[in-house]
Amino acid sequence: MNFQLTEEHQLIRAGVREFCGKFVDPVANEIDQEPRFPSEIVKKLAEQDWLGIPYPAQYGGAGSDYLSYIIVVEELSRSCATTGFTLECHTSLASYPIFKFGTEEQKQKYLVPLCKGDMLGAFALTEAGAGTDAGAATTVAVLDDGEWALNGSKIFISNAPVAGMTIVFAMTDKTKGTKGLSAFIVPAGSPGLKIGRHLNKMGIRGSLTAEVLLQDCRIPKDSLLGQEGQGFRIAMMTLDGGRIGIAAQAVGIAQAALDESIRYAKERVQFGKPIASLQAIQWMIADMATEVEASRFLTYHAAWCCDQDLSYSKEAAMAKLFASETASRQTNRAIQIHGGIGYIKEQKVERLYRDAKITEIYEGTSEVMRMLIAGSLLR
Amino acid sequence: MLNIITCFKWVIDEADIKADAATRKLLFGRAGYKISAYDRHAIEEAVRFQEQHGASVAAVTVAPPSAKKCLKDALSRGPDSACFVNDPSFLDLDPSQTSSILAAAVRGRIKFDLIICGEGSDDLYAQQVGPALAERLGIPCATCVSKLTYAEDEKHIIAERRLDDGMETVLVPLPALVSVLPGINTPRIPTLKEVLGAAKKEIFNVALEELGDIPGPYLKTVEVVAAAMDRRGIRFSADEEGVRSAVNALFKEGVLSQGVL
Amino acid sequence: MDGIWIFAERQEQTLELLNPGRSLADMMGVKLAAFAADGGLAPEYIAHGADEVFVLPPLLPGQPLESYVAVLADEARKRTPGVFLIGATPRGKEIAARLAARLNTGLCSGCTGLHLRDGSNVLEMERLMFGGKAVQKVLCSARPQMATVLPGTFEPAVCLPDRKGVVVEVHSASSSEVRIVSRSARHREGADVTEAKIIVCVGRGVESEEHMERVRELARVVGGEIACTRPIAEECQWLPEEVYLGISGKRVKPDLYIGLGVSGQIQHVAGIRESKVIFAVNRDENAPIFDAADYGIVGDMCRVVPLLIDELGRLLKV
């Protein structure tokens, strides 16, 4: 049992912190307020080899482990949740399915540019009538004249407006329910592919979230990812890994809330002394730190399981459940510690509070996480 | 091909040092360590030469064995190899010892044409090790270098020195030592591949016994206390009344010349 | 092993070093000697307290000042001074470091205070470390006891025109493998900040160069000079590097320091620590500058500075 990060992991963390101090912190507020997609930062993420961290060098990745990737997401999110999430969505949701289920040809064509940062990726599973219930998807794919024709619409698709390719899930056999779902690689610019309106969100506001509309969208036959009918499995496996990434994002947000709270509590003077000397504040800080640490350990443990080739589905769900709820709780406490000033825009804690909430929702809600955990225990 | 040595120091992160207000004692608590910021510019400059002229770069440090962590950190920034001159007694060395140890470690052991040091260290900022090392190795040096150029095939470098009265451009025959100012470059943040690649690079250990006689120390530290900061710390509001009170206070201090109250 | 020696790049620094040099020489009962590159300065140095002036041989064309290391080392070996104080200019610091290595002695860099340790001839030397966070006191066990002293640390020595002293020509040859190719003087914008009684210092909190106009107006109203933090000079380049304050820049001790949008990093504070009164305006109430300030206003520069200009202008009748 070893709770210490390797020297490499420590160096990676130090590198990301320096990166954030230099390039992300100065614009994080602006990314949220305008809001705008941080494309200049994404370009720099590529230069740092951070866009394909856990994928082998032969596919343009850094050839590192999942924990390295988790640390990068955590530290980026500590500075700017939009940036952390953009990386998470790209790495876990878009690149992983190709790495895991793609043919060699698909990997060369898509995974290499994804890892190198020549292309961003998106993942389109959710529909208006099919969120948690993926089997209710109404998007269909039919083989027609040697091409796949896709019809339907997807909502809440992150990175879609900037993606060079999107993994789209569609029914190839409606009669089979989830077993009729298949995954496709849809390159940007495919005929019949339209990106719908951009959604105005509460948090992670710089992240681009839009509808993906497929109107007789034509893609080559070899765009099928994995086998026909394998889509649900691909989606679920992808989300398992993604949840560790969302947990890391939540840990980063929660840590930032703690950082801000400690700093403020030591500086803010009331009744002639810093509020840090008040027990009410001390207890809040103690609870915050403990919960953040617990979330981090769950998250790193899930990543470690992944790196050790152990099953990590339950671990990922626990990490995401606890870390996301921790992030919401800690950002709430952080505002309480800040008092009135914490309610003002341009204060980091105000942004953190809004950024935290989504981690309890996307890539599986807290309720779904509990179902998964209970399911694996009561099976 | 040029052979370059870059020297760096593993220092306590001064941002982590706290002070006890009552006793003025420094509290090191869980302070972390880092490569001295000035030395990161030295490493970067060496690596820039490596990229432009195909030089080999060896990073050298003098530290206790507990500082081993610094090696991968340094190597991830681009040098080809690291030389770890270590002994448990290499703690709180004075600049004369550090320069003597470096000289003894380098002499006859590492081939070099150019040694690049940072202008000072984050902890002591004595600014001595570079020029003192040059003296001990009997090579010329230039300090305060803000721009460094090397004409290939010519055995000299041209260094622009930023001094208090202006710029001075000097020609220094190789082998030589320069100490560089932070403005000379912007150190890169190691990429992930560079971090992972650090483990594959060569590390030489040099022990105290291999160094021969090291003279000194000549400086004895008798006290280190937190710098006193006895300021009044009175705050005023940002409105007209606050500004008026603040200006009033400044007049009362007698620091505004034509006070008419 | 006796004698206090002084070497500085420029005349005004030599005059400053003669001040502590004279006190030490008197307390230790030894002679005070100063080096001069120009024999014409000898009478002035003697009037300011030197018992002896060593006139250095002229440098050859292209020889840097550091070429004197060989000369100074030869002289020190011959005459064995007990204390050697050198002006901590960039060239002075290099000379001192190399000299200490040649003479195998200790050197206290960037010395800010010198005292004799109770009744002995041992110097207790003070300097800053950890970016100005701490004060280190050191003793030197070898001779000469060396220190580089930052310009402005001491007032120039008192001038007694009738003082007598000896002028000695030094004949050792200077040498250097380093050759000066060119030199360009730094052109000065405005007066020397280290001389200013009032300094208006600009930090990162001054968000755009457009706000500099208001800063200049404030400086004009109070009759102060404008200085800045390191990033303003190095990264933004709004102001020349010779006016950035801090441990690696200029160290100042004005009567009044006004910090505008200065966050108060320890490295900066180390350069302003000796100001008589520190007044800071910053939007961030948590900025460490407020811990280093006597008076502070938490507020937006754009709002506070015009109010300050009005109020100060009214009272100072500018």
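The figures that follow rest on heavy atoms only: side chains count, while hydrogens, waters and symmetry mates do not. In the text below, chain A, chain B and the rest are named by the order of the sequence lines, each starting its count at 1. None of the values given here were measured: they were computed from a predicted structure.
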> Which ring pair (Phe, Tyr, Trp, His ring centres under 6.0 Å) pairs, counting each pair once, include a residue from residues 44-74 of chain B, with sequence neighbours left out?
Replying inline: B:F49-B:H53, B:H53-B:Y150

> Checking A:D49 side chain against B:T191 main chain: does a donor-acceptor pair fall under 3.5 Å?
Replying inline: no

> Quick one: ring pair (Phe, Tyr, Trp, His ring centres under 6.0 Å) partners of B:F28, sequence neighbours excluded?
Replying inline: C:F130

>> Take a 6.0 Å sphere around CD of B:E51 and say whether it holds more than 12 heavy atoms from other residues, nucleotides or ligands.
In response: yes

> Heavy atoms under 4.5 Å from chain B: which residues of residues 62-81 of chain A carry them?
Replying inline: A:A62, A:G63, A:S64

> Counting only heavy atoms not in B:K68, do more than 12 sit closer than 6.0 Å to its NZ atom?
Replying inline: no

> Mind checking which of residues 7-28 of chain A sit less than 4.5 Å from chain B, heavy atom to heavy atom?
Replying inline: A:E7, A:E8, A:Q10, A:L11, A:I12, A:G15, A:E18, A:F19, A:K22, A:F23

>> For B:K201, I'd like to know if atom NZ has over 12 heavy atoms of other residues, nucleotides or ligands within 6.0 Å.
In response: yes

> Quick check: are there more than 12 heavy atoms from other residues, nucleotides or ligands sitting under 6.0 Å from CD of A:Q308?
Replying inline: yes

>> Atom CG of residue position B:D92 - does it have more than 12 heavy atoms of other residues, nucleotides or ligands inside 6.0 Å?
In response: no

> In Å and rounded to the nearest 0.5 Å, what is the CD1 to NZ distance from A:I53 to B:K193?
Replying inline: 11.5 Å

>> Just checking B:E240: does its CD atom have more than 12 heavy atoms from other residues, nucleotides or ligands closer to it than 6.0 angstrom?
In response: no

> Counting only N and O atoms by type, is there a donor-acceptor contact under 3.5 Å from the side chain of A:Q48 to the main-chain atoms of B:L192?
Replying inline: no

